[in-house]
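The figures that follow rest on heavy atoms only: side chains count, while hydrogens, waters and symmetry mates do not. Since we're looking at a predicted model, the values are computed, not measured.
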Amino acid sequence: MPELPDVEVYRRRLSAHGLHKKIGKVAVTDARILDRVSAAALARRLTGRQFTAAERRGKHLLARLDKGGWVTMHFGMSGDLLFHDDPEKAPPYTCVRLDFGRGAHLSYTSRRKLGRLGVADDADEFIARQRLGPDALDRSFDAAALKKALGGTTRGIKAALMDQSVLAGIGNIFSDEILFQARIDPRKPVPKLDPAELKRLHGAMRRVLQEAVRRGAGSETFLEHLPSSWLLPQRRKGGKCPRGHGALKTFKLGARTGYYCPRCQR
DNA sequence: TTAAGTGTTGCTCT
DNA sequence: AAGAGCAACACTTA
């Protein structure tokens, strides 16, 4: 699930409830999601420490530790970051649980175990190792920066938008929404985008991602409360173009399915 | 029942 | 050497 908006919601949650609290215990209940760190080493690194900041780059969440270092989290195709007050009531698929003390417990979940949690000494080093491009919602990532990031590639625009080394944060779902709002054919080769399209693309990207964060991406009811002008609620077999153009079409990008309206996306 | 499909990424192959 | 294809995983749907 988690693309940029979902992870931004997790970041805000961690920032609001998880900072400046001493970590008393680290419970690793499924070590498969640990990224180049053992359960014992993770516990050693975190016990007695506290988080001092929560940052995000694309789909990666980084929690800064006092006395140096970061906890890095990625959620793969399914995952969440949840607080709960009873340590016995960790959500399903919890892989790592941090106990901050009475009534404050944080659980990292990963249903399909494609997520990864690790530690990094330096955030920039981590970002470089992951080959992450600029964050899609970074203030300095303006239309010119988007054009520059896309420069050089000849692929279709949807594939380029989903390439985390080009820009970080957009996946299969939100690339469909962004391209629908920008009225651009997802398979259109990047070099064929004219300046007006690039401008629309950049505007749609910011609007869609920010609105998704504002509406609480990742929540159960997220799709139900979206404006009727959005593609996402229709993004399924039998879905219709929100602008009244009839059935949406699908196409395959590797193993992923893209949805679009062939009438309004050119 | 079995198989295909899934909001991601990384590795392999061309 | 950029880009396509597939495996990794666990669960849902056809």
**Prompt:** In residues 153-168 of chain A, which ones come under 4.0 Å of DNA chain C, going by heavy atoms?
**Reply:** A/Thr153, A/Thr154, A/Arg155

**Asked** Can you list, by residue number, the residues of residues 216-238 of chain A that have a non-hydrogen atom closer than 4.0 angstrom to DNA chain C?
**Response** none

**Fill in**
Heavy-atom nearest nucleotide on DNA chain B taken for A/His60 and for A/Ala255; more 5' hit belongs to A/Ala255

Give a yes-or-no answer on whether the side chains of [X] and [Y] include a donor-acceptor pair shorter than 3.5 Å.
| X | Y | result |
| --- | --- | --- |
| A/Thr52 | A/Arg64 | yes |
| A/Thr47 | A/Lys25 | no |
| A/His84 | A/Ser107 | yes |

**Asked** NE2 of A/His225 to CH2 of A/Trp230: how many Å apart, nearest 0.5 Å?
**Response** 14.0 Å

**Message:** What I'd like to find out is whether the side chain of A/Asp176 reaches to under 4.5 Å of the side chain of A/Lys158, using heavy atoms alone.
**Reply:** yes

**Donor-acceptor pair under 3.5 Å, A/Arg112 side chain vs B/dT6 base** = yes

**Message:** Going by purine N1 to pyrimidine N3 plus the second Watson-Crick contact, or the G-U wobble pair, all under 3.5 Å, which nucleotide sits opposite C/dC9?
**Reply:** none

**Request:** For B/dT12 and C/dC9, measure between their P atoms and round to the nearest Å.
**Result:** 16 Å

**Request:** Can you tell me, in whole Å, how much space there is between the P of C/dA14 and that of B/dG7?
**Result:** 15 Å

